[in-house]
Structures are given as C-alpha cells and as structure tokens.
Amino acid sequence: MSDFEHVFDKPPAGAAEDWTIPQDWRAYTETEHKTWDTLYARQMKILPGRAADVFFKGLKALDLNTGGIPDFSLMNPKLQALTGWTVVCVPGLVPDEVFFDHLANRRFPSGQFIRKPDQLDYLQEPDIFHDVFGHVPMLTDPDFAAYMEAYGKGGQRAASLGMLPNLARLYWYTVEFGLMQDTGGLRIYGAGIVSSATESVFAIEDPSPNRLGFDLERVMKTLYRIDDFQQVYFVIDSIEALKGETLKDFGPIYERLQGADAIPIETILPTDEVFTEGTQAYAAKGGRFAA
Ligand code: HBI
Ligand code: FE
C-alpha cells in the first residue's frame, strides 16, 4: 500500500515497457503552466548567491524560462548537444532498476505532472519542476553528466550485491542535497535544494544543520531523512572531484561497508572536516511539524 498518487508496481496503462510516457505538452492547462512560472520566478529571486555557478550556467544554456512548462521536444536537442543526455517522461517514481537503466543510458526520467497550486512548498513525489528545474541544469555539465551515468551503472551492480541502501545515500547527499565550494563560497548544486524555496535558504544560512566535508565512505554510511530539511549537508570541492570519486572501484568499499554500522544523521566524527557544527535547533523543535 502506498499513499503516493503516482507510484505503480508495473508500467501503468499507456506507459511503455521502460515506463516512459509521452509528455503530451499540449495537454498542460493554463494553471499548470502558471505553477511552473510561479515556482521559477520564486527560485530566481532566492538562488543568486546561494546556488552554484554551474547550475546557473546550465539553466541559461537550456533557456527554460520561455513561459510555462518546458516542451521536451525543444529542450532535449539543446541538452543532447551538450552532454548526450535527454529527458524522458515517466508517470512518477519508477522501480530502482528501471531508474538505473535510464541513467546508465544518459536518459533522465522526469515526472510528467506538476504539483497542485496548494502544494507549492512541499510535496513528497518528484514532479516536473523538481526534476527539470532541479536536475536538468546540472546534466549540461560534462563532469556531472558522467557522474550520473556512472551512478546508473553502479546502481545495477549495487543492487545485485545488496548495497543499494549505501549507494542511495551517495545519491541523496550529492545529486539531491549536495553543497559545493564555489568561487563565491558555499553553494547549492543538489536538485532537492535548488527546487525548494525554503530549503534553499535553510541549507546555506540556517545555523541548525551540520555542514561537513564530503567523504565517499562516510556518506555511504550516513542515514538520511526524506520528510524534512536535512540535518547534515556534505560539501564537495568541485564537480570534477565528485566525478573522480565514482571512477574508483566500489568493490573494496562495499566489502568494508558490509559489517559497518550506519552513522546517525546528526553525528560529527573526529575525522570529519567541519564547515559548520550545527545547533540542530530546527530538528530539536520538531522541524516542519513544530507547533
Ligand atoms: N524514480 N522517477 C523517479 N525518480 C527518482 O529520483 C527515483 C525513481 N526511482 C528510484 C529512485 N529514484 C531511487 O530510489 C534510486 O536512486 C535508488
Ligand atoms: Fe530528485
């Protein structure tokens, strides 16, 4: 059983074997296009000085602000020319192995739907705004493009070794909630942050969360939460350095991780490089469920 509206066990009616569906861009309503425009304009006020240069560069290259939800038939040729990636539509969350197969072939699966006007600030499932505004600009960067392909290929292997929880943590703390050192200071590159008005501010400015230097094995052991702002963010030196990490053979890493305990979210280890020792005040007060 699932509370999610867009989660299915097998490709729903109208979906192909690989779970893709047509975007059917003409079927989006005026309200849906307006929702995109509202979210886009809001993020463009918040992100300067907070999101990474590489994100803005990608956004500009794709020209996603032509009014309303982007038409993939116009966006994909630009993206494909830059890094060979394309974006395909899916009905919602797809099974892990389907997700990995798309990534391994440089196809990014995006939700086809957009959130309702009363869900502008929070939704659990990835919609087209999170997937396209959040993820696709980064896919124009050649190093990030290679990292995501490697993740897809690694996912297939991790699944067969029972190491998927560890690899999923890497995705979470980089692709979704990553911070990086940039020319101007600490900046966001994670899609879960750049697509959220409130977390974009929280991740950079709030005194609550820990901000720690990225360490591959450490991250693969760290628990995470999916229902609220993160309690820890990991900071990479550059996208190129991140790509370098995934060129390592994960075999020996997985062997070391086999018996290792998971690290609680708020823990700071003596070996951590500490950018911010957070107060954890936000989480202590009950987070978004606070009275
Ligand atoms: N499906 N559409 C979609 N988007 C995701 O981000 C996604 C998914 N299925 C599985 C998944 N992510 C993750 O559980 C994997 O990274 C492990
Ligand atoms: Fe995402």
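As the structure lists them, so they are numbered: ligands from 1, and atoms in each ligand from 1. Heavy-atom basis, side chains included; hydrogens, waters and symmetry copies ignored.
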J.: Applying a 4.0 Å heavy-atom criterion (strictly less than), which segment of Trp19 is in contact with ligand 1: side chain, backbone, both, or neither?
T.: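 For Trp19, there is no contact with ligand 1 at all, from either part.
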
J.: Taking Phe214 as the fixed residue, which of Val235, Leu179, Val219 is the one that meets the side chain to side chain contact (heavy atoms under 4.5 Å, CB included) rule?
T.: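 Exactly one pass, corresponding to Val219.
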
J.: Should you measure from each heavy atom of Tyr151, which atoms of ligand 1 turn up under 4.0 Å away?
T.: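 Reading through ligand 1 atom by atom, the close ones are 16 (O), 17 (C).
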
J.: In terms of residue, atom name and distance, what is the protein heavy atom nearest to atom 2 (N) of ligand 1?
T.: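 Among all protein heavy atoms, the one nearest atom 2 (N) of ligand 1 is Gly92 O, 3.1 Å.
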
J.: For the Fe ion (ligand 2), give me the closest N/O/S atom belonging to Glu176, just the atom name.
T.: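 Nearest N/O/S atom of Glu176: OE2.
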
J.: Could you tell me if the ring centre of Phe55 sits under 6.0 Å from that of Phe133?
T.: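 Yes: the rings meet the under 6.0 Å criterion.
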
J.: Considering only non-hydrogen protein atoms, determine which one is nearest to atom 5 (C) of ligand 1 and report residue, atom name and distance to 0.1 Å.
T.: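 That would be Phe99 CE1, 3.3 Å.
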
J.: Are side-chain N/O atoms of Asp182 and Tyr189 paired as donor and acceptor at under 3.5 Å?
T.: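 No, because no side-chain N or O of Asp182 sits under 3.5 Å from a partner of the opposite role on Tyr189.
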
J.: If you stand at the Fe ion (ligand 2) and look out to NE2 of His130 and NE2 of His135, what angle do those two lines make, to 10°?
T.: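 It is 90°, given to the nearest 10°.
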
J.: Distance to 0.1 Å, residue and atom name: give those for the protein heavy atom nearest to atom 1 (N) of ligand 1.
T.: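 Checked against all protein heavy atoms, atom 1 (N) of ligand 1 sits closest to Val94 N, 3.1 Å.
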
J.: Assess, by modelled atom type and distance only, whether the side chains of Thr174 and Tyr147 contain a donor and an acceptor separated by less than 3.5 Å.
T.: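 Yes - a donor-acceptor pair under 3.5 Å links their side chains.
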
J.: Report the C-alpha distance between Arg288 and Asp227 in whole Å, list the side-chain angles of each, state the deciding distance to 0.1 Å, and finish with yes or no for salt bridge (charged side-chain N to carboxylate O under 4.0 Å, His left out).
T.: CA-CA 9 Å; Arg288 69 190 196 89; Asp227 60 338; 6.0 Å; no

J.: Roughly how far, to the nearest 0.5 Å, is CZ of Arg107 from CG of Asn76?
T.: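 So the gap between those two atoms works out to 11.5 Å.
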
J.: Quick one: are the ring centres of Phe177 and Phe234 less than 6.0 Å apart?
T.: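 No, too far apart.
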
J.: Which protein heavy atom lies closest to atom 10 (C) of ligand 1, and at what distance to 0.1 Å?
T.: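 Answer, as residue, atom name and distance: Asp96 OD1, 3.2 Å.
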
J.: Check if Trp172 has a non-hydrogen atom at a distance under 4.0 Å from any atom of ligand 1.
T.: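 No, Trp172 has no heavy atoms under 4.0 Å from ligand 1.
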
